[in-house]
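Here's the structure we're looking at; comments come further down.
Within every chain, numbering begins at 1; the chains are lettered A, B, ... in the order of the sequence lines, protein sequences first and strands thereafter.
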Number of protein chains: 2
Amino acid sequence: MTRKRFDDMGCSVACALNEVGDWWSLLVVKQAMLGTRRFVDFQHSLGIAKNILCNRLSRLVDNGVMVRVDVGEHGKRYEYRLTDKGRDLFTVVTALRQWSERWNGEKDAMQLVDGQSGEPLAPVVVNNQQGKVLTVRDVRFVDEDGKPWEDVG
Amino acid sequence: MTRKRFDDMGCSVACALNEVGDWWSLLVVKQAMLGTRRFVDFQHSLGIAKNILCNRLSRLVDNGVMVRVDVGEHGKRYEYRLTDKGRDLFTVVTALRQWSERWNGEKDAMQLVDGQSGEPLAPVVVNNQQGKVLTVRDVRFVDEDGKPWEDVG
DNA sequence: CTTATTTGGTTTCTTAATGCAACCATTCTG
DNA sequence: CAGAATGGTTGCATTAAGAAACCAAATAAG
């Protein structure tokens with residue numbers, strides 16, 4: 001059986017997970033954010049099998065999250081770089097990292113700091129237009145007409 | 001072969017993905033945020049196979065993201081509810097949703113609005129301590145001593 | 001109270017994905 | 001030019017996913 005498709009569920013979250021929802025994709029993106037660009041460097045730093053890495057990179061390229069650039073001087077030698085779409089996943093990756101650190105403890109020797117001040121980042125939060133922090137209890141799920149969302153199930 | 005373990009990679013992101021990094025887990029959490037609590041409701045709204053749903057719910061419960069509550073009047077009848085840890089994934093889910101809407105277009109008839117004002121939410125961003133928005137290019141990855149992070153690969 | 005239906009699973013079977021190792025052509029290095 | 005590194009591909013074994021059938025307990029209907 002083919003895996004269930006997530007891009008036709010009429011859900012943005014499902015659609016996103018269809019692109020980066022597997023075990024490896026977001027880790028590849030995170031690694032790219034650290035500066036990794038070469039196939040072998042991804043392979044060694046992540047400890048991922050070559051065929052899986054190959055498949056994930058191709059899929060990330062297909063989905064516009066990364067680009068493959070030929071940097072060979074006398075032929076083919078590639079670099080994989082994040083696109084704007086890929087870099088925009090910074091929020092997601094950072095939120096995930098912070099969530100893990102909050103609930104599972106600091107298991108990462110690596111820290112993210114502001115490049116200018118060297119201070120740690122602020123926690124990623126959901127704000128309303130006035131800058132007030134919102135939890136899931138403070139929001140409503142509505143349809144296009146502003147009426148309360150009813151699930152189709 | 002068993003899937004590679006992500007909780008011993010010394011990476012918070014990997015650790016998070018170990019808990020919610022598969023195709024279904026985050027969708028189950030998102031659905032729970034919409035108010036779904038019963039097994040059959042998850043099943044119908046997500047279109048997930050029963051055995052997979054069963055497995056995912058168990059794993060989310062094991063990881064402290066959800067709790068199973070017996071609500072039967074004369075025996076066993078269960079509800080699955082988000083814990084604080086689970087509700088805290090709201091930031092991640094919202095960031096993912098917004099990312100998808102920005103880059104793949106609005107494929108979701110459902111909208112999230114501020115419960116008070118009814119206005120759309122602000123975009124989820126990464127801030128420094130002073131509230132300035134940071135991109136991935138504005139941050140540094142450092143070790144515990146503040147020295148630039150070197151990958152072990 | 002009795003029957004039918006719903007709930008919350010488990011089991012079985014088939015297909016897909018993952019991991020590992022071996023292999024290979026091209027490219028860079030010494 | 002020789003040897004190593006790069007960026008893959010292929011084949012095989014193991015695991016996960018999906019569909020459907022089945023089932024016991026709990027609830028709803030009559």
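The CZ atom of B:Phe42 sits 10 Å away from the P atom of C:dG8 (whole-angstrom rounding). A straight line from CD1 of A:Ile52 to C1' of D:dT14 spans 13 Å, rounded to a whole angstrom. Here C:dA17 presents its P atom at 12 Å from CZ of A:Phe6, a figure rounded to the nearest Å. Atoms CG (B:Asn18) and P (D:dA16) sit 12 Å apart, rounded to a whole Å. Separating the CG atom of B:Asp22 from the P atom of C:dT18 is a distance of 11 Å, rounded to the nearest angstrom. Atom CG of B:Asn55 is separated from atom P of D:dT15 by 15 Å (rounded to the nearest Å). In this structure, the CZ atom of B:Arg3 is 16 Å from the C1' atom of C:dC20, given to the nearest Å. Remark: P of D:dA17 and CG of B:Leu46 are 15 Å apart, rounded to the nearest angstrom.
Cluster partners of B:Val67, by chain and number: B:Val69, B:Val71. The rule joins Ile, Leu, Val, Met, Phe, Trp and Tyr whenever side-chain heavy atoms lie under 4.5 Å apart.
Not a single donor-acceptor pair under 3.5 Å links the side chain of B:Glu19 to the backbone N or O of B:Leu60.
Contact check, A:Trp24 against C:dA17: no side-chain N or O comes under 4.0 Å of OP1 or OP2.
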*Nucleic acid footprint by protein, nucleotides 1-10 of chain D - heavy-atom cut-off 4.0 Å, B for base, S for sugar-phosphate alone*: -----BBBSB
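In this structure, the side chain to side chain contact (heavy atoms under 4.5 Å, CB included) partners of A:Ala122, at least two apart in sequence or on a different chain, are B:Asn127.
For A:Trp24 and B:Phe6, the gap between ring centers is short of 6.0 Å.
Ring geometry for A:Phe39 versus A:Tyr80: interplanar angle of 30 to 60°, hence tilted.
Within a 6.0 Å radius of CD in B:Gln116, other residues, nucleotides and ligands contribute 12 heavy atoms or fewer.
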